[in-house]
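Following: one structure in structure tokens, then a few remarks.
Numbered from 1 within each chain, the chains take letters A, B, ... in sequence-line order.
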There are 2 protein chains.
Amino acid sequence: MTQNKRTHKRVTIADVAREAGLSPTTVSHSLNGIGQVDPRTRQHVKDVAARLKYRPSVRAQRLRTGRSNAIALLSSMPAAVSTGESRLGFFTELAMGMAGKALLSGYVLMLAPPMDQCNPLALMDIDGAILLEPAPDDPIAQELDERAVPYVTVGGEPGPDNVDLQHAAAADLLLQHLLQSGARRPGLILGGSGRASQRNFHERYLATAEARGFPPVVAFAAEEIGAEAGRQAAARLLAEHPELDALCIPIDTFASGALRAIHDAGRRVPDDMLLATRHDGVRARTCQPPLTAVDLHLDAVSHVAVQRLLRMLGREGQDAPVDVPTPALVARRSTGA
Amino acid sequence: MTQNKRTHKRVTIADVAREAGLSPTTVSHSLNGIGQVDPRTRQHVKDVAARLKYRPSVRAQRLRTGRSNAIALLSSMPAAVSTGESRLGFFTELAMGMAGKALLSGYVLMLAPPMDQCNPLALMDIDGAILLEPAPDDPIAQELDERAVPYVTVGGEPGPDNVDLQHAAAADLLLQHLLQSGARRPGLILGGSGRASQRNFHERYLATAEARGFPPVVAFAAEEIGAEAGRQAAARLLAEHPELDALCIPIDTFASGALRAIHDAGRRVPDDMLLATRHDGVRARTCQPPLTAVDLHLDAVSHVAVQRLLRMLGREGQDAPVDVPTPALVARRSTGA
DNA sequence: CTGAAAGCGCTTACAG
DNA sequence: CTGAAAGCGCTTACAG
């Protein structure tokens with residue numbers, strides 16, 4: 001009776017119906033716990049289905065119901081930047097968090113690493129999407145609109161369908177902390193991608209410089225290169241501006257490279273130079289000395305993003321709406337803590 | 001003429017056929033570049049489809065063709081271990097690599113973070129799967145078998161459908177390197193999950209101890225806890241075995257914790273104690289001093305895993321089969337490099 | 001409480 | 001070169 005795998009024909013709802021002496025309708029109702037079915041009939045159907053090892057076809061369910069119970073995580077960053085060392089931790093931490101949250105609501109997560117060549121959207125059967133740090137006039141956002149795929153953004157332009165990453169608040173937190181820790185001439189090193197995060201840090205930095213009366217010193221580094229780009233940018237800054245006594249470097253990979261440049265220049269953290277980064281991830285914790293950073297509550301961010309998207313899809317969450325807490329400073333040795 | 005989004009009815013192949021004055025068959029053939037269609041007809045169909053913004057329904061295609069062009073990355077680790085700090089980098093590095101490779105062949109990747117509660121397989125419409133480090137008699141492997149889902153394993157039991165992670169070779173590489181770097185009494189700290197990786201390191205360590213005539217000293221730490229577990233295990237080992245002059249710690253998170261324990265014990269790396277870990281990831285590179293590690297060629301591993309799975313699915317790769325290179329030692333300051 | 005029938009939107013033999 | 005029809009495997013009004 002054992003079917004050869006090559007000959008293996010799928011067990012369908014019709015097979016179960018035939019075997020149970022009932023109609024597909026009743027089988028469907030029984031298995032899905034809907035409609036009015038005699039309890040004994042229902043149990044009988046379940047027994048037969050189990051005996052035949054019946055597994056409903058997700059494909060057919062999706063076509064018929066019009067829902068796929070799948071969502072995608074998309075990023076519009078150029079592939080080199082997004083999968084580059086400097087952002088991998090950020091992206092994947094959100095991805096894992098979202099995959100977990102989604103699953104708890106019966107949704108699976110598709111991963112669409114940014115590929116410059118092919119278009120993942122044409123291959124994906126999804127009900128909605130989460131778009132990470134979209135640019136203004138983002139091409140992926142446009143295509144989602146064209147396809148009428150509902151989506152929320154994370155770290156995008158403010159709005160009801162955006163989950164704020166609170167970059168400005170994080171920037172203020174770090175800059176104030178540096179100044180309170182004794183910095184008089186803090187410098188800034190940014191990535192070149194021009195996303196909201198970088199823009200916000202830039203703005204807040206300039207505003208703080210003006211308010212506190214120190215001359216702004218800003219350098220840019222290429223995000224796709226990683227630590228070495230950060231090292232070079234920091235080396236340049238140290239050479240040209242020996243008066244700097246602190247560096248705010250939102251991208252942790254750059255901060256780790258800068259640490260080396262500072263060391264190479266014969267200066268020490270935190271004695272001669274304070275250093276702070278944004279994302280409190282593996283890097284910030286592992287660096288020597290460990291880096292002062294900001295807890296952005298990425299787990300809460302993924303939770304909120306998924307929850308808001310599901311709400312948009314009509315899956316009114318029975319669970320209470322979650323809020324993303326205000327970013328919290330994590331003071332470490334790199335700023336004298 | 002603009003459709004309200006709430007009223008928005010999907011444009012189907014029938015709509016295109018009607019508008020073009022042709023049959024669905026011809027539209028399908030034209031758009032998919034198959035069959036015998038008059039070139040002008042074909043172009044006309046394409047024009048009409050573009051004008052109507054027709055997007056084929058992936059759902060319907062999947063049901064009809066029996067293929068979903070989707071694969072899943074599964075892990076059977078308990079959730080706490082697999083998403084725990086100590087393995088996150090490993091899992092996500094493979095995931096991103098696979099997602100990219102798959103996309104190049106027209107496949108999308110579903111992420112199934114290990115959830116103890118729900119069963120992602122029932123929700124996923126996939127043609128095949130990649131199972132990460134399965135245990136013997138792995139429940140997920142069993143369910144894949146039951147559902148007749150083709151799959152390859154990564155770092156599982158040796159066999160044609162397994163992509164070897166070459167743990168034994170990596171272990172030998174590290175142990176030989178430690179001994180050559182002057183270690184006389186190397187100790188070992190392992191995770192408690194009992195996976196092939198840990199078993200292999202244990203075996204090779206014991207064999208090396210016997211061959212070289214040093215007494216084996218092994219400690220275990222809980223993988224779901226992370227760096228702190230590594231620190232405690234190392235602290236214990238240092239206290240009980242002050243004669244140890246090197247530590248081999250395959251899990252990088254533990255190694256980073258051990259670094260702190262060594263420091264707290266008033267000893268220095270590499271002067272008083274050599275230290276080496278396995279995965280050459282962010283941690284190994286960021287630690288101070290940077291850790292000697294092994295390049296496992298995870299990018300090649302993901303490539304091979306995807307390629308082998310697609311071959312299994314009958315997608316004979318036109319691209320040449322890739323091989324996973326032998327693990328390569330990356331000597332760093334933690335062993336005196 | 002149960003069932004016959006339609007239909008989700010495609011692709012694929014098959015006929016012309 | 002083109003088209004009518006079947007069918008992938010479900011769910012859902014609707015009728016009884």
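- If you measure from atom CZ of A:Arg40 to atom P of C:dC1, you get 10 Å, rounded to the nearest angstrom.
- Spacing between atom CG of B:Leu31 and atom P of C:dT12 amounts to 14 Å, rounded to whole angstrom units.
- For the pair A:His29 NE2 and D:dC10 C1', the computed distance is 12 Å after rounding to whole Å.
- Residue B:Asp47 is tested with B:Arg51, B:Gln43, B:His44 for a side-chain hydrogen bond (donor to acceptor under 3.5 Å, both in side chains); the sole match is B:Gln43.
- Among D:dG9, D:dT2, C:dT11, the nucleotide with an atom closest to any side-chain atom of A:Ser57 is D:dG9.
- A salt bridge is defined here as a Lys NZ or Arg NE, NH1 or NH2 lying under 4.0 Å from an Asp or Glu carboxylate O, and A:Asp125 with B:Arg59 meets this definition.
- Spacing between atom CZ of A:Arg67 and atom C1' of D:dT12 amounts to 12 Å, rounded to whole angstrom units.
- Here B:Thr25 lies in heavy-atom contact (under 4.0 Å) with a base.
- What separates CG of B:Asn32 from P of C:dG9 is a distance of 17 Å, to the nearest Å.
- Computed from coordinates, the B:Arg64 CZ to D:dA5 C1' distance equals 11 Å when rounded to whole Å.
- Comparing D:dG3, D:dC8, D:dC10 by their closest approach to the side chain of B:Ser23 singles out D:dG3.
- Heavy atoms of A:Gln61 sit under 4.0 angstrom from primed sugar atoms or phosphate atoms, though from no base atom.
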